[in-house]
Participant: 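Handing you this structure, nothing more for now.
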Number of protein chains: 2
Amino acid sequence: MPATIRDIKDQTGLSLATISKYLNGGNVLPENKVKIERAINDLDYQVNEMARGLVTNMSRTVGVSVHDIGSLFCGILLRYIGDVLKNNGYSMIICDSRDDAKREEENIEFFIKKNVDGIIVIPSSQSKDFLKSAKKNNIPVVLLDRSITGSGCDCVRIDNRAAASLAAALLIDNGHKANAIIYSSVEYTGIERYKGFLETMSDAGMPIPEEFQMAGTHSIEHGYRSMNELLSKKNRPTAVFTTNYELTLGAVMAVNESKYSCPDDISIIGFDNLILSHVVQPKMTMVVQPMKEMGEKAAQLILFKIKSKDKDSPMEYVLNTSIEVGNSVLNLA
Amino acid sequence: MPATIRDIKDQTGLSLATISKYLNGGNVLPENKVKIERAINDLDYQVNEMARGLVTNMSRTVGVSVHDIGSLFCGILLRYIGDVLKNNGYSMIICDSRDDAKREEENIEFFIKKNVDGIIVIPSSQSKDFLKSAKKNNIPVVLLDRSITGSGCDCVRIDNRAAASLAAALLIDNGHKANAIIYSSVEYTGIERYKGFLETMSDAGMPIPEEFQMAGTHSIEHGYRSMNELLSKKNRPTAVFTTNYELTLGAVMAVNESKYSCPDDISIIGFDNLILSHVVQPKMTMVVQPMKEMGEKAAQLILFKIKSKDKDSPMEYVLNTSIEVGNSVLNLA
DNA sequence: ATCATAGAGCGAAACGTTTCGCTCTATCCT
DNA sequence: AGGATAGAGCGAAACGTTTCGCTCTATGAT
């Protein structure tokens, strides 16, 4: 039913090869160009991507596996990724891994079955099992947000240590001397932020005591429980750094439900400025990541990898973070 | 490089037709079945979906256009849609329309260019322009969450009037007599909720005065400004019904920043129970939609439409809502 | 014993592109 | 004027499946 290149051949009298050449950006005589364009218009022709894919072995599709499609963080990244891909004629097929390494691996298998040209992963864990099948099928992979140690993969992320240092510096500037950190110890990202924070504090002569280092999972629960624990101590910290969105959420919940208030009784500096900062009271002070840049860079990078088919040494883009100042940190200085 | 059906033919000595039949669930002799399965394993064979698609004219792909991929609401729906599709061997390609009718139309065009078998739309507006190209190409469309009047389209949604009635009934039960509504007057959904709320209140002998009917866009801003306006009135309402997630967010922000507090000075009943209800103080009372059921139903429906290739009269699934009770509504009774 | 029938297998055509290697024409240089 | 060259066009093969319509065998009924 839909028009094919053959219909265009019939209307223009040109050969399939010439028309195909035109469609793929090759040079044809101006008069022929006019003819072809008219025919395309008349017939409402659209390239059959499956036929094209069969020959070229390219689907013009990128698979994106996100650690949690229900998270705002991923949603925002997906927006920017999608924009770049679409503008380049690529579609994105999305799978949710729900923070589960096994599911993540299945997603990659699924992508391969669907003949994607490239894969972007917002990893759910440090597991690199999923890389195997991608490597085997020679499909380029770009990691976004969280890198995986020793993966040898292309990656777009922030400098997590530096970001945590920013947070530490801000607390120091505001005169806080009893500081705590609630972090995720199950991820590279979280551990880096932890290291950056501790190092900067130590360098400033204010090492963080063990009991103020709250390790745990990447979850609202961990944030919630840890904050409760901190608040119940005899010597409460004056400030807490929560190293990701979920932890920040949980910590804020805990404070809101307690008899204490922020920032008068406890200061909080969070991570990832999403909608949260507009709705909770007081307005949060947060370390923010350049979401737009991250998403766009990841998309551009995977497109480049697809086109260049290269074996170049993996690239790593490390983007800068900044602090958005709200009212959740009290000035003690 | 990857194995083809021809390699299986070589290893088993069977014909292409027989192997294809097996792959598509047809009957073959038990001994041949064993042979084929062994070959598939040995060769690590995977069907080339593009070749298959070229013949069958099916891509086993569904396009999903969401009104805002950055919204939690869409993220959650996408999770459930994705699960069902993937379990059925279908991939979903996602486009964001950012609440823009033009972009929505472009998304559909894009889907068609990509040869999707079916389309799910979480519409961004009442515009039905985008339906044209889908109809022309004979691709089934399922509307999710928001129906479009006169579209004649399959649809999965809640009964918005009934949902609003629930909210009204709860306020009435709690003895509220001065009630306001902040709603989106630019959407069918919002208008239905408005009607349901007003009707139930009228029936109870408590019609909502004009000045307590806050019409506007579907946005945090509208919720924020309207709540501020309501709070500044001499005769404040005792309760406010906010008819969607963004409006609820905005309204809560306004109250938090004001000298008033919820629920002591003003009660709020919101819509769409997302993470918000856990983090804001007090815990919100909300009308909740059955997200899982909605997503899954929409996916099942589009799969059915694709398979049955039918011209049946459009189906409409209307799901039930419920109320999740928190502490944001004061009992005056 | 003969015939009809059901089930399984097969060969070949078809799906709609791209691409390889060739021919042809027109241009430009010497 | 003759030869080299660049540019455009073309025919045909190839990509990896599915499917149509046929043949063949084995079974069961008469």
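Every chain is numbered from 1, with letters handed out A, B, ... down the list of sequences. Because only heavy atoms are used, hydrogens play no part in the values below, and waters and symmetry mates are left out as well, while side chains stay in.
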Participant: What one-letter contact string describes nucleotides 9-17 of chain D from 5' to 3', where B marks a base within less than 4.0 Å of any protein heavy atom, S marks contact via sugar-phosphate atoms alone, and - marks no contact?
Facilitator: BBB---BBB
Participant: Are Asp154(A) and Pro140(A) packed together at the side-chain level, in the sense that at least one heavy-atom pair is separated by less than 4.5 angstrom?
Facilitator: no
Participant: Rounded to whole Å, how long is the line connecting atom NZ of Lys33(B) with atom P of dA8(C)?
Facilitator: 12 Å
Participant: Could you list the donor-acceptor pairs under 3.5 angstrom formed between side-chain atoms of residues 35-52 of chain B and any protein atom two or more places apart in sequence or on another chain?
Facilitator:
from, atom 1, to, atom 2, distance (Å)
Glu37(B), OE2, Tyr22(B), OH, 2.8
Asp42(B), OD2, Gln11(B), NE2, 3.0
Asp44(B), OD2, Lys136(A), NZ, 3.2
Asn48(B), OD1, Met50(B), N, 2.8
Asn48(B), OD1, Ala51(B), N, 3.0

Participant: Is the shortest distance from a Lys or Arg side-chain nitrogen in Lys102(A) or Glu106(A) to a carboxylate oxygen in the other one below 4.0 Å?
Facilitator: yes
Participant: Any salt bridge linking Arg79(B) with Asp68(A)? Criterion: basic side-chain nitrogen under 4.0 Å from a carboxylate oxygen.
Facilitator: yes
Participant: Is there a salt bridge (charged side-chain N to carboxylate O under 4.0 Å, His left out) between Asp96(A) and Arg98(A)? Walk through the geometry before answering.
Facilitator: CA-CA 6 Å; Asp96(A) 185 14; Arg98(A) 262 193 200 53; 3.5 Å; yes
Participant: Whole angstrom is fine here: how far is it from CE in Met58(B) over to C1' in dT19(D)?
Facilitator: 16 Å
